[in-house]
Engineer: 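Here it is, the structure in full.
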Amino acid sequence: WSDIGRRDRKPNWASKKKQHWYYSGKKKKHTIKTQLVVDRKTEEIICVHQTRGKTHDFKLFKKSKLPLNKNKKVKLDSGYQGIEKIHHNSELPRKSTKLRPLTKKEKRENLKLSKIRVKVEHVIGKIKVFRIMAERYRNRRKNHDLRMKLICGIYNFELWWLTKEV
């Protein structure tokens, strides 16, 4: 007769320490943050970068060391405040405060920027169809980056295939 059980196994403290790195206090979950760079005209995903979920968007941008062309205009959301120091040809939405509300011109500029950025949000929505970003990821974290890049490749291929037939 053999005794099969878990009592001989030691707890894996190393994985618990690594798990703590991915805990986001804001979401109250263990998360992975993904940054997509999308071409505005073709809606093609150019590159993907990932890090722990509690990392700030701008910090992820600096860590990715994405080579941006100085002549290209980059349109970002408000999570990338401070990018003007690195890339002068960038456009961010204006924020209002209690003491200084937005002017009509600033509101028009924000609306124009959001109309352009909505294409990127649609691309993210199409990637969420694959459920890797929309739901709980139940596999190893080190495989998440590879799978995310594969899904983006599938999306780009589908985009290419649809434009090829037309």
Side-chain angles (χ1 to χ4, degrees), residues 21-22 24-27 29-135 137 141-166:
W21 292 342
Y22 290 87
S24 173
K26 181 179 178 184
K27 303 269 186 184
K29 295 178 184 176
H30 295 87
T31 56
I32 298 172
K33 185 168 284 192
T34 306
Q35 172 183 281
L36 298 175
V37 179
V38 179
D39 186 1
R40 181 175 63 150
K41 293 177 183 169
T42 62
E43 295 183 10
E44 180 183 1
I45 298 172
I46 298 169
C47 65
V48 179
H49 293 285
Q50 292 183 334
T51 189
R52 302 178 217 154
K54 63 182 175 181
T55 307
H56 193 272
D57 292 344
F58 185 58
K59 193 172 183 182
L60 171 60
F61 173 77
K62 288 195 293 188
K63 185 180 170 188
S64 67
K65 296 180 182 169
L66 186 68
L68 291 176
N69 187 352
K70 298 289 181 190
N71 299 327
K72 286 272 187 177
K73 190 157 201 135
V74 181
K75 302 188 186 274
L76 305 156
D77 62 3
S78 58
Y80 292 91
Q81 287 181 352
I83 197 168
E84 296 96 356
K85 296 173 187 170
I86 296 172
H87 191 274
H88 298 290
N89 202 4
S90 59
E91 196 172 333
L92 292 166
R94 303 274 182 204
K95 283 187 160 186
S96 66
T97 63
K98 289 180 184 177
L99 300 175
R100 196 192 70 78
L102 291 176
T103 63
K104 289 185 179 183
K105 182 183 176 189
E106 289 174 334
K107 286 182 182 180
R108 280 194 306 270
E109 288 173 0
N110 280 354
L111 183 65
K112 196 163 69 171
L113 180 64
S114 67
K115 284 182 180 180
I116 294 168
R117 279 209 27 84
V118 75
K119 289 183 179 182
V120 176
E121 299 300 329
H122 288 310
V123 171
I124 292 170
K126 289 174 186 174
I127 295 297
K128 284 185 176 182
V129 166
F130 290 92
R131 300 285 190 229
I132 191 169
M133 286 176 51
E135 293 179 1
Y137 183 71
R141 281 188 295 269
K142 66 180 181 179
N143 296 338
H144 188 272
D145 187 40
L146 173 67
R147 289 188 178 142
M148 190 66 201
K149 288 177 180 174
L150 286 171
I151 288 170
C152 290
I154 291 168
Y155 168 79
N156 285 341
F157 179 75
E158 181 184 3
L159 197 65
W160 171 80
W161 187 262
L162 291 174
T163 56
K164 184 184 115 178
E165 290 181 353
V166 174

Engineer: Show, in sequence, the C-alpha distance, side-chain angles and deciding distance for F61 and L76, and conclude whether the side chain to side chain contact (heavy atoms under 4.5 Å, CB included) test is met.
Structural biologist: CA-CA 11 Å; F61 173 77; L76 305 156; 5.9 Å; no
Engineer: Where is the tightest heavy-atom contact between I46 and V38, given as atom of each residue plus distance?
Structural biologist: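 Looking at all heavy atoms of both residues, the closest pair is CD1-C, 4.3 Å.
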Engineer: Check R100 with E106, please: is the shortest side-chain N to carboxylate O separation under 4.0 Å?
Structural biologist: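 Salt bridge flag = yes for R100 with E106.
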Engineer: For D77 and P93, work out which heavy atoms get closest and say how close.
Structural biologist: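 That would be C-CD, 4.0 Å.
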Engineer: What is the minimum heavy-atom distance between K126 and Y155, and which atoms define it?
Structural biologist: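 Where K126 meets Y155 most closely, the heavy atoms are CD-CE1, 3.7 Å.
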Engineer: Heavy atoms only: give me the nearest V48-K149 pair and the separation to one decimal.
Structural biologist: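 Heavy-atom minimum between the residues: O-CE, 3.8 Å.
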Engineer: Is there a side-chain contact between K75 and K73 (heavy atoms, below 4.5 Å)?
Structural biologist: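 Yes; the side chains approach each other to less than 4.5 Å.
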Engineer: Roughly how far, to the nearest 0.5 Å, is CG of L36 from CD of Q50?
Structural biologist: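 Spacing of CD (Q50) from CG (L36) equals 9.0 Å.
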Engineer: To the nearest 0.5 Å, what is the distance between NZ on K128 and CD1 on I124?
Structural biologist: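 Rounded to the nearest 0.5 Å, the NZ-CD1 separation comes out at 7.0 Å.
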Engineer: Just verifying a value: how many Å separate K119 NZ and K41 NZ, rounded to the nearest 0.5 Å?
Structural biologist: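 So the gap between those two atoms works out to 10.0 Å.
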Engineer: Atom CD1 in I86, atom CZ in F58: separation rounded to 0.5 Å?
Structural biologist: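 It comes to 3.5 Å.
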Engineer: Taking atom CD of E91 and atom CZ of R117, what is their separation to the nearest 0.5 Å?
Structural biologist: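 Nearest 0.5 Å value for the CD-CZ distance: 11.0 Å.
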Engineer: With side chain to side chain contact (heavy atoms under 4.5 Å, CB included) as the test, pick out the partner of E44 among V123, N156, T163.
Structural biologist: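 Per the side chain to side chain contact (heavy atoms under 4.5 Å, CB included) rule, the option paired with E44 is N156, out of V123, N156, T163.
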Engineer: Indicate the atoms forming the closest heavy-atom contact of S96 with P101, along with that distance.
Structural biologist: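 For S96 versus P101, the nearest heavy atoms are CB-CA, 4.0 Å.
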Engineer: Work out which heavy atom in V74 is nearest to a heavy atom in H87; give both atom names and the distance.
Structural biologist: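 Nearest heavy atoms, V74 then H87: CG2-CE1, 3.6 Å.
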Engineer: Return the orientation label for the F157 and W160 ring planes: parallel under 30°, perpendicular over 60°, tilted otherwise.
Structural biologist: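 Tilted, since the angle between the ring planes falls between 30° and 60°.
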Engineer: For the residue pair S90 / E84, report whether a side-chain donor-acceptor contact shorter than 3.5 Å exists.
Structural biologist: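 Looking only at side-chain atoms, S90 and E84 do not form any donor-acceptor pair under 3.5 Å.
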Engineer: Kindly compute the distance separating CD1 (I127) from CD1 (I45), expressed to the nearest 0.5 Å.
Structural biologist: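 It comes to 3.5 Å.
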